[in-house]
Amino acid sequence: MNRPSAADVVVIGAGAAGMMCAIEAGRRGRRVVLIDHARAPGEKIRISGGGRCNFTNLDAAPRNYLSANAGFCISALKRFTQHDFVRRVEARGIAYHEKTLGQLFCDGSSRQIVDMLTDELRAAGAELKLSTSVTGYERTGDGFTLATTEGALTCRSLVIATGGKSIPKMGATGFGYEVAERFGLKVQSTRPGLVPLTLDPALLERLAPLAGVGVEARLRHGKTRFDEGLLFTHRGLSGPAVLQISSYWREGDEIEVALAPSKDVFTHLRTARAANGRQAPATVLAGLLPKRLAQMIADREAGARNLADLSDKVLQRIDGAVNGWKLKPTGSEGYRTAEVTLGGVDTDGLDSRTMQARDVPGLYFIGEVVDVTGWLGGYNFQWAWSSGWVAGQCA
Ligand code: FDA
């Protein structure tokens, strides 16, 4: 039998977090092997942000992350910030722009980010092994021995960067959670996040004519609120505000939707009624909402009546239908379309400064596999860069 090849650091998962960690460890002179079962590295980077990669957010801060331990992400986000990543992008000469709300996108293509990382990997001397699966792993001495489809490997530090469960057809697996459990770490239960929400068939049928309509809305779930776009679809609700709130929503919960959040609809309708009572309510509402949406709400609340025939009570009902819509989604579209996985390796078992498992020296978890999940808007890549960077200083 061939002797296993020896590395200082093996990183499993050549996504955003794994590549960043491998680059940093390689720059420290460590012999690094980066393994991925996919044929290409950074596939999620490639498809992200509609092909332009929303690679970070200027405002990234701990409050933008969900975790059972809200403070866990503070250290890594502070040590390698969004500005640090932006400096790398600028040094590489990649043109970028702020789209909205601090979200930075490449002007050109997300491939520029993948190419930057793979070039940095090469320069740091890290070996990238693609189309390689890990078939076994165990603790041996003060390191680890791995069996892979390309032969056996030993290492002092093993970094798990295999991401979450979203988009299984792109190679997402539960591998990282299995490793954690095998080594005695707890795993917070996982569920899809940043995902479209589905509605019950009766409501869906009623809303069917709105498929494709988008509106700037305010969505609330408890004390959490997002003011962003909402999109009616054939399956339910999507758009940034819906994806954001989906990470907070649990089965059975209600969410509240304001479809014209900056408008006092009641006053607007009253004023319009006083000025010209013969107007159809849909015409007036269409000044505040997309036409199809205005028509649907007016038809439902006012029938064929014009404004002069509507009492204040009816106007208030219309106001409620626009800005106080309470609904209970029936579920989500699941991992098939979710951008992230909520939950994951419990942070209690990890050192927040290094991402190393407290009770298993040499074992690290970084990126999405950890129970730290960002909002939509570049926050998840920033977590991958930050957690990968800190592990790379130590592994
Ligand atoms: P990631 O999933 O990127 O990488 C994990 C790697 O591990 C993969 O290469 C996989 O092949 C490999 N792997 C898994 N199991 C393995 C096994 N058993 N053996 C070997 N290899 C294995 N975020 C953001 O901030 N801005 C954005 O614009 C977007 N856009 C976006 C679009 C879409 C469609 C999705 C699905 C997601 C996003 N995201 C995003 C989220 C972002 O992509 C995600 O949070 C990061 O990619 C997580 O980085 P990781 O490196 O942790 O995992």
Side-chain angles (χ1 to χ4, degrees), residues 11-21 34-38 40-49 53-56 60 64-70 72-73 76-77 110 133-134 158-183 185-197 243-244 246-250 331-350 355 357 363-388 391:
V11 181
I12 308 180
M19 284 198 276
M20 177 58 89
C21 176
L34 174 57
I35 293 175
D36 204 297
H37 61 185
E43 279 294 88
K44 276 201 185 154
I45 302 175
R46 188 179 57 76
I47 63 156
S48 68
C53 187
N54 177 193
F55 54 80
T56 191
N64 308 115
Y65 294 86
L66 291 85
S67 170
N69 174 359
F72 180 82
C73 62
L77 290 175
S110 51
S133 294
V134 176
L158 177 61
V159 183
I160 307 299
T162 44
K165 295 180 182 172
S166 52
I167 324 272
K169 74 168 195 264
M170 286 189 69
T173 63
F175 180 80
Y177 312 120
E178 281 162 39
V179 177
E181 281 174 343
R182 167 96 83 88
F183 285 107
L185 280 89
K186 278 193 297 174
V187 175
Q188 290 282 341
S189 60
T190 51
R191 62 198 169 90
L194 300 180
V195 64
L197 295 173
L243 301 191
Q244 300 280 31
S246 74
S247 294
Y248 292 84
W249 177 83
R250 302 272 182 150
S332 81
E333 288 189 10
Y335 290 117
R336 189 180 57 82
T337 57
E339 281 203 9
V340 284
T341 303
L342 290 149
V345 178
D346 192 302
T347 58
D348 281 353
L350 304 177
M355 308 302 290
L363 180 63
Y364 296 75
F365 292 87
I366 55 173
E368 195 179 318
V369 74
V370 178
D371 172 31
V372 173
T373 306
W375 289 1
L376 184 80
Y379 301 100
N380 284 297
F381 279 136
Q382 187 55 45
W383 171 246
W385 315 133
S386 297
S387 58

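All residue numbers in this chain count up from 1 along the given sequence. All figures in this text were calculated on a predicted structure; none of them were measured in a lab.
- Atom CG of Asp346 sits about 10.5 Å away from atom OG of Ser189, to the nearest 0.5 Å.
- Taking the side chain as every heavy atom from C-beta outward, Met20 and Ile366 never approach each other to under 4.5 Å.
- Trp385 has its ring centre less than 6.0 Å from the ring centre of Phe381.
- How far CD1 of Ile160 is from CD1 of Ile12: 4.0 Å, rounded to the nearest 0.5 Å.
- The closest side-chain heavy-atom distance from Pro41 to Asp36 is not below 4.5 Å.
- Summarising the geometry, atom OG belonging to Ser48 is positioned 10.0 Å from atom CZ belonging to Arg46; distances are rounded to the nearest 0.5 Å.
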Worked check of side chain to side chain contact (heavy atoms under 4.5 Å, CB included) between His37 and Thr173: CA-CA 10 Å; His37 61 185; Thr173 63; 3.6 Å; yes
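- Once rounded to the nearest 0.5 Å, the distance linking OG of Ser67 with CH2 of Trp383 reads 8.0 Å.
- Of the possible donor and acceptor atoms, none in the side chain of Glu368 sits under 3.5 Å from a partner among the backbone N and O of Ala384.
- Panel note: side chain Tyr177, backbone Lys186; no donor-acceptor pair is recorded below 3.5 Å.
- Looking at every heavy atom in both residues, Ala60 comes nearest to Tyr65 through CB-OH, 4.3 Å.
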Side chain to side chain contact (heavy atoms under 4.5 Å, CB included) assessment of Glu339 paired with Asn380: CA-CA 9 Å; Glu339 281 203 9; Asn380 284 297; 5.9 Å; no
Verdict with reasoning, Trp375 to Leu66, per side chain to side chain contact (heavy atoms under 4.5 Å, CB included): CA-CA 8 Å; Trp375 289 1; Leu66 291 85; 4.1 Å; yes
Could you list the donor-acceptor pairs under 3.5 angstrom formed between side-chain atoms of residues 161-172 and any protein atom two or more places apart in sequence or on another chain?
| from | atom 1 | to | atom 2 | distance (Å) |
| --- | --- | --- | --- | --- |
| Thr162 | OG1 | Gly176 | N | 3.3 |
| Lys165 | NZ | Thr190 | OG1 | 2.8 |
| Ser166 | OG | Lys44 | NZ | 3.4 |

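- Heavy atoms only, all atoms of each residue included: Gly367 and Ser387 are closest at N-OG, 3.0 Å.
- The shortest distance between side-chain heavy atoms of Leu185 and Leu350 falls below 4.5 Å.
- Looking only at distances, no side-chain donor or acceptor of Tyr364 sits under 3.5 Å from a matching main-chain atom of Val11.
- Remark: Leu194 CG to Thr341 OG1 distance equals 10.0 Å, nearest 0.5 Å.
- Thr347 OG1 to Gln188 CD: the interatomic distance, rounded to the nearest 0.5 Å, is 7.5 Å.
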Stepwise side chain to side chain contact (heavy atoms under 4.5 Å, CB included) test for Val195 and Thr337: CA-CA 6 Å; Val195 64; Thr337 57; 3.8 Å; yes
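- For the pair Met355/Phe72, a side-chain contact is recorded, criterion being any heavy-atom separation below 4.5 Å from C-beta on.
- At least one donor-acceptor pair closer than 3.5 Å links the side chain of Asp371 to the backbone N or O of Ala68.
- Here the shortest heavy-atom pairing between Cys73 and Ala70 reads SG-O, 3.9 Å.
- Between the side chain of Ser246 and the backbone N or O of Pro196 there is no donor-acceptor pair closer than 3.5 Å.
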